[in-house]
Amino acid sequence: MNGAQSLVQTLLRGGMKVCFANPGTSEMHFVAALDAHPDLRCVLCLFEGGATGAADGYFRMTGDIAATLLHLSPGLGNGFANLHTARKAGSAMLTIVGDHATHHMAYESPLKGDISALSRAIAHWTRVSTDANNVASDGAHAMAAARAHNGQLATLVLPANTAWQAAKGSAARVSTPALIRPDLARIRAAAHTLQLSGAALLVDGPTLHGELGPLAARIAKKTGARLIAPYLASRIRRGVGAVAFERLAYGVDENAAVLKDVRHMLLVGAQRPTNFFAYPGKPSLPEAAGTAVHDLCSRSMDVGYTLGVLADCLGVCANDDFDRLPLALPELPSGRVMDLTRIGQALAHLLPGNAIVVDESITMARYLMPPSARARAHDWLHTTGGAIGFGLPNAVGAAIACPNRQVLALTGDGSAMYTLQALWTMAREQLKVITVVFANQGYQILRGELVGVGVTAVGRNAVRMLNVTQPQLDWVKLSEGHGVPAHRVTDVDGFVAAMQVAIAKRGPHLIEVVCPV
């Protein structure tokens, strides 16, 4: 047995099921070890950002870690943006990065780089495995680190010689430390705070989609506090039967309007709201001046325990009523013109029950989210880190995690170009993903941001930096070139027909929506 084989066996013993991979020369012994252990599913991604984005989507839908296999410091660098998004989502991931053999590091080879430094800029835990006999133990501790504190990013650097040298064997699973809990006195004080005028309970993480959601809703109902979710949630349950969360807004003024009457903001598993960007003459924080912000329980702490004790302090019962979203499907629209409002209504009407929506539609979201709020029950995944190129890879991970559920990836043409290689992985794995590309011929959100920062005169250079034209992107050809059947639609009737075809067929499909500009 060599170090690579001991690591793969350790991953399997630790419950690892999937590895999203983009390997190179330094990982060939690890590839051979994976080949000898087919129980660990290997999914090839043609770009490292596709691998890290897929592992993020996998965690969001399973609550457990996947591995990524990347090649040296350039590979980790290519995966960095979606690692950033995963960290902001609170997702856990084990990133395995192959490195040069330790003796080769004495020389300035072309691919030599400081992997540890790059990892420490984003990961919670980093370790270089310098001895083949320690690789298995290091791998077990890496998995434990990734699963700790409700989910972390862990990086294990595997020098090539520690992969090929002899090793003793695999290592057993390492337990994670118990979650930290707030003091009982703090929870009792929080129960009192929620009953004050102008109180709001802000929650995030699994509370937005799991069993803790109804508990939080009962607490809010009992106290009269508002129940608020972040603008960008890693995963939120929506549609019929879901908890009726309020949602923060993107714009500074809109965000301030949501929170203007809040006097006491209690954070449970959530971070303090912060505006997306700084703007001249506007604040960084959206809450009103004088608002008391109570950080009761961070997302790395025991959120379930905290909400449970909070409910006990308030006398909340398991059968207490709370506000659920009703079913209110819009009528299926029609039309021989392109109307984005009707496109949103059509998507909401056709959305299958228990679907997973991965949303990187950016400016198009204002047409898509409101009509689907009371559609059939579904999960909605946002780009939590703000870095574009998240949508298509995240949909891959979600579809691998939940193969029997329909996944919809909503994206713009500019965003999708960052990681369009994920289409190939969808085709190879025959994933149940419908990708809807809103072809608005540019980075539309940045046109609004120019106005937001006070730029009023726009010339040739600015236009050319924000438009995706000359040449025009052809998403039907791009999709078919990656093995995914595609339709281009120019009106509402065409979108309805294309969606119906895509839902009825197995495997991936892409719909290009030609938007008015």
Side-chain angles (χ1 to χ4, degrees), residues 20 22 45-57 60 68 76-91 93 121-122 153 230-235 250-251 274-277 356-369 380-398 407-426 433 435-450 452-453 462-469 473 475 478-479 482 510-513 515 517:
F20 298 99
N22 188 281
C45 301
L46 301 187
F47 174 63
E48 293 90 342
T52 53
D56 176 19
R60 295 191 196 198
T68 65
L76 182 57
N78 282 341
F80 196 94
N82 277 331
L83 285 169
H84 165 83
T85 295
R87 178 165 179 143
K88 294 292 185 179
S91 293
M93 187 187 311
I122 191 65
L153 302 182
Y231 174 69
L232 297 176
S234 62
R235 175 183 170 188
Y250 173 79
T274 304
N275 290 327
F276 230 82
F277 295 104
I356 302 167
V357 181
V358 180
D359 181 11
E360 196 176 18
S361 58
I362 315 294
T363 52
M364 295 295 109
R366 65 183 183 270
Y367 302 107
L368 307 175
M369 288 201 74
W380 200 284
L381 283 56
H382 287 105
T383 174
T384 50
I388 60 178
F390 133 94
L392 301 187
N394 212 265
V396 167
V407 178
L408 269 77
L410 310 176
T411 185
D413 47 4
S415 298
M417 282 301 294
Y418 275 60
T419 47
L420 80 167
Q421 308 92 336
L423 293 171
W424 182 88
T425 303
M426 294 177 193
V433 179
T435 301
V436 182
V437 177
F438 292 92
N440 54 21
Q441 301 179 26
Y443 300 105
Q444 294 292 344
I445 193 168
L446 296 183
R447 295 170 182 170
E449 292 296 331
L450 275 177
V453 298
V463 169
R464 286 178 63 84
M465 283 191 288
L466 304 184
N467 282 351
V468 186
T469 57
L473 295 170
W475 278 97
L478 287 168
S479 182
H482 286 77
L510 183 140
I511 302 170
E512 179 184 6
V513 178
C515 299
V517 178

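Position 1 is the first residue of the sequence, and the numbers go up from there.
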- request: If the plane angle is over 60° it's perpendicular, under 30° parallel, otherwise tilted; pick one for Y231 and H382.
  value: parallel
task: Go through the steps to decide whether C515 and M364 satisfy the test side chain to side chain contact (heavy atoms under 4.5 Å, CB included), and finish with yes or no.
output: CA-CA 10 Å; C515 299; M364 295 295 109; 4.3 Å; yes
G389 versus Y418, closest heavy-atom pair with distance: CA-CB, 3.6 Å
message: Could you report the tightest heavy-atom contact between S479 and L423, atom names first, then the distance?
response: CA-CD1, 4.1 Å
Minimum-distance pair of heavy atoms, taken over all atoms of H84 and A387: CD2-CB, 4.3 Å
query: Side chains of C45 and Q421: closer than 4.5 Å at any heavy-atom pair?
result: no
query: Does any non-hydrogen side-chain atom of T383 lie less than 4.5 Å from one of I388?
result: no
From F438 atom CZ to L410 atom CG, the distance as rounded to the nearest 0.5 Å: 6.0 Å
- prompt: Which pair of non-hydrogen atoms, one from L392 and one from L420, has the smallest distance, and what is that distance?
  reply: CD1-CA, 3.9 Å
Closest approach of R366 to T363 (non-hydrogen atoms, all atoms of both residues): NH1-O, 2.7 Å
message: Among D56, D359, T85, N82, which residue satisfies the side chain to side chain donor-acceptor pair (under 3.5 Å) criterion with N394?
response: D56
- prompt: Do V358 and F390 come close enough that some side-chain heavy atom pair is under 4.5 Å?
  reply: yes
message: Please give me the minimum heavy-atom distance between E360 and G391, naming the atom from each residue.
response: OE1-N, 2.7 Å
